S.K.: 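So that we are looking at the same thing, I have put the structure below in structure tokens.
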There are 2 protein chains.
Amino acid sequence: MSKCEQCIVREFSSLKALNKNELLKLANCKSSYTIKKGEPIFSEGEKIQGIFCIKDGVCKMTKLSENGNEQIVKLIAKGELLGQRSLISEEPVNLGAVALEDMEVCFIPKAEVMGFFNENNEFSMNVMRTICGDLKSADDHLVNMAQKSVKQRLAELLLYLHDKFGTNEDKSLKIKLSREEMAGIIGTATESCIRLLSEFKKKGVIEISGKKIILADIAGLKSV
Amino acid sequence: MSKCEQCIVREFSSLKALNKNELLKLANCKSSYTIKKGEPIFSEGEKIQGIFCIKDGVCKMTKLSENGNEQIVKLIAKGELLGQRSLISEEPVNLGAVALEDMEVCFIPKAEVMGFFNENNEFSMNVMRTICGDLKSADDHLVNMAQKSVKQRLAELLLYLHDKFGTNEDKSLKIKLSREEMAGIIGTATESCIRLLSEFKKKGVIEISGKKIILADIAGLKSV
DNA sequence: TAGTATACATGACAATTATCATATTTTATT
DNA sequence: AATAAAATATGATAATTGTCATGTATACTA
């Protein structure tokens, strides 16, 4: 059983408020998983019995729309926690989580988290601030969806992926998404997404070779 | 100074967890306002120093998009609280609030709310559950915006207004929104909104006379 | 009550986006 | 390596939505 003290999740999440003793308890109750690319961590509507720490890898949070399309509501990187809202609301999760890469996650049972929550005020305030931040992001996201064109949303997505997940040595985006997934994020048809990527490529603001995408002209993308 | 014990806001919000003593403190520190239709309660980016109880009237929560359009993110009815997220995040409000009708609101200073928050666990859990509920709604809303047509969004808006605000004796919707405001909610151009309302009217699913709208065929609207 | 501003409505047209068809390329499997 | 399956790409076309112009109705103000 590995210690939680040095874990990246602790560094970047609400868990940073936990003290030595609490971290020890955490290390004792957690269970570690590996999740293969494409597999779910949990599914929409599931009643999860705790929260998940993302130690490594990236996952998408999805929701099936009434017309059967999969909308990707957000992307979660390593260091973040999943399932906090569901825990507090005591409701099934409203979004599904699916691995976009091979992942390492830890599961912390509900009882343990609620224990920290009730006894460690800084931890509970961290959780709340995280959820408040998520709410603000969701409102901003909504306005973008409602007010911007598909082209603008795609340009912003590329910039977002660049900022959030970074680039490889050859400047290509580290995170690899299928065209279908990109379409699912910006809420458009896969063909439209492909067409716009081709258009960006033709204009020279991006370079594409297979799944590799390089943002060649960031200023140009910003001004779309 | 009126008592808070019988207030509708107490009945429907997180405040229902307050005890007699806390309600008395609340009644002593609150200040009441009336706000005329069209006036703001607060504006986007403002640092508010407490939360607002909506005793009467309806307001819209808005955000200016980069292209200068006003997106209406949600509608708030009497009985609800405003400013909870901002209080916990200790950030300026990310949405503005503007009265759609003459309103009666009370202001509760930050210090008082935080006092309740720290000493009354049920109250703080209520606030958190409210925010979690808002987050879930925001995600759902986002998926609707991304995946549904303008026509579908308008139909759903009408059904939502019907459910949330109810109808007058003549079955017309109680809440009166301008076409521009409806367009701002569903994220479309005012002309498109007007055109679709005309189409619904022609089809017989709604009746319009001026600002009065009657949902004549609710099943028909649901199946749009 | 007249005049003016604002909201509502509709036509004409352009731009955006979706859909369907069909290649082509890439990836996975045997 | 051969084959099948999936992802990417592009054309053709239709449907949706936005924009601009203009007219009409309604509400507000003097």
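Throughout, a chain's letter reflects where its sequence line sits, starting with A, and its residues are numbered from 1. Everything numeric here is computed off the predicted structure, so don't read it as measured data.
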S.K.: For Ile208(B) and dT10(C), what is the distance between atoms CD1 and P respectively, to the nearest whole Å?
M.R.: 9 Å
S.K.: Counting only heavy atoms and a strict 4.0 angstrom limit, can you tell me which residues of residues 215-224 of chain A come near DNA chain C?
M.R.: none
S.K.: Could you state the NZ-P distance from Lys212(B) to dA27(D), rounded to the nearest angstrom?
M.R.: 11 Å
S.K.: Given dC8(C), is OP1 or OP2 found less than 4.0 Å from the side-chain N or O atoms of Lys211(B)?
M.R.: yes
S.K.: Between Asp56(B) and Lys78(B), is there a side-chain N and carboxylate O pair less than 4.0 Å apart?
M.R.: yes
S.K.: So, are Glu80(A) and Lys164(A) salt-bridged, with charged N and O less than 4.0 Å apart?
M.R.: yes
S.K.: What is the separation between atom CD on Gln147(B) and atom C1' on dT17(C), rounded to the nearest whole Å?
M.R.: 14 Å
S.K.: Which sits closer to the 5' end of DNA chain D, Ala146(A) or Ser178(A), going by the nucleotide each is nearest to?
M.R.: Ser178(A)
S.K.: Does the pair Lys136(A)/Glu91(B) count as a salt bridge with the N-to-O cut at 4.0 Å?
M.R.: yes
S.K.: In whole angstrom, give the distance that lies between atom CG of Leu100(A) and atom C1' of dA7(D).
M.R.: 16 Å
S.K.: What are the residues of residues 184-206 of chain A, sorted by number, that bring a heavy atom to within less than 4.0 Å of DNA chain C?
M.R.: Thr188(A), Ala189(A), Glu191(A), Ser192(A), Arg195(A)
S.K.: So, Lys63(B) and Glu44(B), do they make that salt bridge, N to O below 4.0 Å?
M.R.: yes
S.K.: Check this for me: does any side-chain nitrogen of one of Lys60(B) and Glu181(B) sit under 4.0 Å from a carboxylate oxygen of the other?
M.R.: yes
S.K.: Determine the minimum heavy-atom distance between Gln71(A) and Ile185(A), stating which atoms define it.
M.R.: NE2-O, 3.2 Å
S.K.: Tell me the closest heavy-atom pair linking Lys212(B) and Ser172(B), and the distance in Å.
M.R.: CE-OG, 3.8 Å
S.K.: Could you state the CD-P distance from Glu180(A) to dT8(D), rounded to the nearest angstrom?
M.R.: 8 Å
S.K.: Rounded to the Å, how far apart are Asn67(B) CG and dT17(D) C1'?
M.R.: 15 Å
S.K.: Determine the sole option in Lys148(A), Lys151(A), Lys222(A) for which the side-chain hydrogen bond (donor to acceptor under 3.5 Å, both in side chains) test with Glu156(A) is passed.
M.R.: Lys148(A)
S.K.: Using the closest heavy atom to pick a nucleotide of DNA chain C for each, name whichever of Lys148(A) or Gly210(A) lands nearer the 5' end.
M.R.: Lys148(A)
S.K.: Round to the nearest Å and state the distance from Arg179(A) atom CZ to dT25(C) atom P.
M.R.: 15 Å
S.K.: Between atom NZ in Lys151(A) and atom P in dA18(C), what is the gap in whole Å?
M.R.: 14 Å
S.K.: If every non-hydrogen atom of Pro92(A) is compared with every non-hydrogen atom of Arg85(A), which pair is closest and at what distance?
M.R.: O-NH2, 3.5 Å
